[in-house]
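What follows is a set of notes on a single structure, which appears directly below.
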Amino acid sequence: MAVNVSIPKGTRDFSPAEMIRRKYIFQTVEDVFRLYGYLPIETPAMENLSTLTGKYGEEGDRLIFKILNSGNYLEGISVEDIQNSSTAKLAARMCEKALRYDLTVPFARYVVQNRNEITFPFKRYQIQPVWRADRPQKGRYREFYQCDVDVIGSNSLLNEVELIQIIDAVFQQLGLNITIKLNNRKILSGIAEVIGAPDKVLDIAIALDKADKIGWENVDKELENKGISRESRTLLYDIFDYGERSGLSIVSNAPPAPDRIALSNLKNTLKDSNIGCQGINEIYKIINFLNDINPVLDCKVEFDPTLARGLNYYTGAIFEVKANDVAMGSICGGGRYDDLTGIFGLPDVSGVGVSFGADRIYDVMNELELFPENAAISTKILFTNHGENEIMYALEAIKEIRRAGISAELFPDNIPLKKQLSYANKRKIPYVALGGSIEMSEKCFTFKEMNVTKNDNTPNDPKKTLLEIIALLKK
RNA sequence: GAGGACGUAGCUCAGCUGGUUAGAGCAUCAGAUUGUGGUUCUGAGGGUCGUGGGUUCGAGCCCCAUUUUCCUCCCCA
């Protein structure tokens with residue numbers, strides 16, 4: 001007796017109707033990736049836990065789904081260990097494996113492991129699910145698909161430009177209105193350096209990122225808690241032109257307007273920071289490239305110096321994509337990582353890539369009703385079942401129809417015609433062919449168009465030969 | 001990990017200050033129509049009111065605990 005069947009928190013089943021729509025997204029994304037010369041790979045759902053830990057920041061590590069060792073996972077663990085060790089340390093001993101948290105780190109591992117077979121620069125895409133032990137809420141799932149495109153083994157900023165073009169092409173084809181936000185980790189490092197807190201880049205970045213959400217006053221509190229001095233904070237707000245130059249008082253909770261901090265101002269501010277200047281130059285180059293091909297682009301690209309991204313491994317350009325017409329977290333994000341393969345023993349291989357969040361894109365498109373209507377039609381014609389003698393007659397016809405590339409099916413059971421037609425109606429099958437003894441003797445089928453509304457009940461559907469039907473369906 | 005809301009038929013929800021046998025729409029199934037669906041009409045099935053305890057003569061409703069889902073924070077796709 002099945003009681004209380006359910007699926008784990010944050011996971012979902014997908015109905016045929018939903019899958020048709022999801023496949024439409026995957027197909028669109030994949031077609032664009034292929035068009036730009038990227039090739040597919042897949043990696044296992046699980047990685048060694050040690051491959052994943054330490055790549056996503058403290059918060060990220062906590063959200064990795066760990067897999068308990070098979071067999072006696074308590075082997076070699078004493079009562080004292082349990083009492084004295086941290087949960088993280090214990091988990092590392094009881095769990096050798098974990099579910100992948102994103103596709104970028106497994107990709108870096110793949111590149112290192114297969115370095116001799118790979119031709120660099122290596123352009124790959126990967127569309128697979130990832131898992132995060134997050135608390136589910138709107139647009140947030142514990143199992144979701146990422147569609148990653150990365151190019152590894154090339155320092156050229158042309159790759160960044162290409163990724164922006166890919167993002168633009170994907171969302172243009174899906175009919176989504178988006179804005180690409182652009183920043184550079186080196187600029188953030190430069191800022192941290194200039195204000196005298198070079199070791200706090202990540203804290204500063206994450207706090208800045210929240211400015212438009214929680215307001216500058218709360219950003220200030222957060223930075224204070226992270227141990228950033230009053231002087232440093234004052235300098236920081238001066239850069240972003242918030243607060244009065246004399247002190248810490250914040251004048252506005254309004255979201256930061258990137259255009260207020262002109263790139264040229266920032267360049268001047270960061271002139272004493274080597275790394276900061278590099279970041280500024282990179283942004284300039286990307287923007288210049290983009291200006292040259294501008295007519296090709298459909299979406300808005302914005303420089304936003306407060307954009308951070310929490311993932312630890314980014315070192316250069318960072319991207320984030322937001323839907324313009326729907327309140328939803330980022331639907332696509334990524335950046336450049338200079339040393340991700342270095343962690344696995346292959347230094348000096350820089351990569352850059354972005355990840356499309358298929359599930360969030362689905363939610364946004366659903367909300368905006370952007371899915372094409374006729375995507376649900378699968379079987380084009382149903383042959384009704386009239387018993388033993390008539391089955392072969394129908395199957396012969398179906399064989400020919402399928403040979404013509406048209407999807408057809410025979411109803412498997414000889415039940416009242418009424419029910420067979422009801423099935424066709426529910427399946428939204430547009431045509432039905434009846435082949436009973438009468439039709440057999442006349443070498444034809446009664447051909448029924450399901451979307452035709454009839455007021456009278458008289459069965460006056462036309463009879464057609466197989467050739468006539470095929471010709472009609474091919475239109 | 002912190003905070004908030006919710007849970008009544010397969011789905012969406014009513015259900016009065018606690019009072020007899022817990023309702024509606026949609027969906028399902030059957031019949032009207034034995035070779036004609038969708039539309040229409042008629043009828044039927046379907047509930048341990050999330051779970052466990054408590055208060056009460058009496059609980060879907062009040063109290064406590066627990067759990068689920070949803071939402072917010074943290075963080076992210």
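Naming convention: chains lettered A, B, ... in sequence-line order (proteins, then strands); numbering from 1 in each chain.
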Classify [X] by what it touches in the nucleic acid, base, sugar-phosphate, or nothing, heavy-atom distance under 4.0 Å.
X	answer
A:Gly60	nothing
A:Thr446	base
A:Ser437	base
A:Cys147	nothing
A:Glu143	nothing
A:Leu434	base
A:Ile361	nothing

Answer yes if the side chains of [X] and [Y] hold a donor-acceptor pair under 3.5 Å, and no otherwise.
X	Y	result
A:Thr43	A:Gln126	yes
A:Thr446	A:Asp461	no
A:Tyr141	A:Asp363	yes
A:Gln420	A:Thr384	no

Between the protein and nucleotides 1-5 of chain B, which nitrogen or oxygen pairs are less than 3.5 angstrom apart?
{"unit_1": "B:A2", "atom_1": "N6", "unit_2": "A:Arg135", "atom_2": "NH1", "d": "3.4"}
{"unit_1": "B:G3", "atom_1": "O6", "unit_2": "A:Arg135", "atom_2": "NH1", "d": "3.4"}

Notebook entry, point to check: Where is the tightest heavy-atom contact between A:Leu188 and A:Pro305, given as atom of each residue plus distance?
Noted result: CD2-O, 3.5 Å

Pairwise [atom1] distance for [N] and [M], with rounding to whole Å:
N	M	atom1	answer
B:G45	B:C29	C1'	7 Å
B:U8	B:C74	C1'	35 Å
B:A59	B:C49	C1'	11 Å
B:G43	B:C62	C1'	40 Å
B:G54	B:C16	C1'	25 Å
B:C11	B:U69	C1'	15 Å
B:C73	B:C13	P	24 Å
B:A14	B:A30	P	32 Å

Rounded interatomic separation in angstrom, taking [atom1] from [X] and [atom2] from [N]:
X	N	atom1	atom2	result
A:Arg427	B:G38	CZ	P	17 Å
A:Tyr141	B:C75	OH	P	21 Å
A:Arg360	B:C75	CZ	C1'	10 Å
A:Asp461	B:G38	CG	C1'	13 Å
A:Leu176	B:A77	CG	C1'	14 Å
A:Arg132	B:C74	CZ	P	16 Å
A:Arg12	B:U69	CZ	P	13 Å
A:Lys448	B:U36	NZ	C1'	5 Å

Next item on the list: Tell me which nucleotide among B:C70, B:U69, B:A77 gets nearest to the side chain of A:Lys9.
Entry: B:U69

Next item on the list: Rounded to the nearest 0.5 Å, what's the gap from CD1 on A:Ile228 to CD on A:Glu222? Could you check?
Entry: 9.5 Å

Item checked: Straight-line distance of A:Glu282 CD to A:Leu157 CG, nearest 0.5 Å -> 5.0 Å

Check: So A:Tyr337 and A:Tyr313, would you call those rings parallel, tilted or perpendicular, with 30° and 60° as cut-offs?
Finding: perpendicular

Next item on the list: Write out the stems for RNA chain B, ordered by first number and formatted as range with range, counting runs of at least 3 consecutive Watson-Crick or G-U wobble pairs under 3.5 Å.
Entry: B:1-5 with B:69-73, B:10-13 with B:23-26, B:28-32 with B:40-44, B:50-54 with B:62-66

Margin query: Would you say that A:Tyr393 contacts A:Leu395 through its side chain, given a criterion of any heavy-atom pair below 4.5 Å between the two side chains?
Written below: no

Item checked: Centroid separation A:Tyr101 to A:Tyr56 less than 6.0 Å -> yes

Item checked: A:Tyr125 ring center near A:Tyr38 ring center (under 6.0 Å) -> no

Note to self: Once hydrogens and angles are ignored, does a donor-acceptor distance under 3.5 Å link the base of B:A77 to the side chain of A:Arg140?
What the structure shows: no

Item checked: Residues A:Phe26, A:Tyr145; criterion ring pair (Phe, Tyr, Trp, His ring centres under 6.0 Å); working and verdict -> CA-CA 10 Å; A:Phe26 292 134; A:Tyr145 271 74; 5.2 Å; yes

Checklist line | Residues from residues 417-426 of chain A lying under 4.0 Å of RNA chain B - heavy atoms | finding: A:Leu417, A:Lys418, A:Lys419, A:Leu421, A:Ser422, A:Asn425, A:Lys426

Note to self: Closest-nucleotide mapping onto RNA chain B: is A:Gly10 or A:Gly329 further toward the 5' terminus? I mean the 5' end.
What the structure shows: A:Gly10

Check: Any donor-acceptor pair under 3.5 Å linking the side chain of A:Asp61 with the backbone of A:Ile64?
Finding: no

Next item on the list: Begin with the C-alpha distance, continue with both residues' side-chain angles, and end with the deciding distance and a verdict on salt bridge (Lys or Arg N to Asp or Glu O under 4.0 Å) for A:Arg142 and A:Asp134.
Entry: CA-CA 6 Å; A:Arg142 287 186 152 179; A:Asp134 216 342; over 6 Å; no

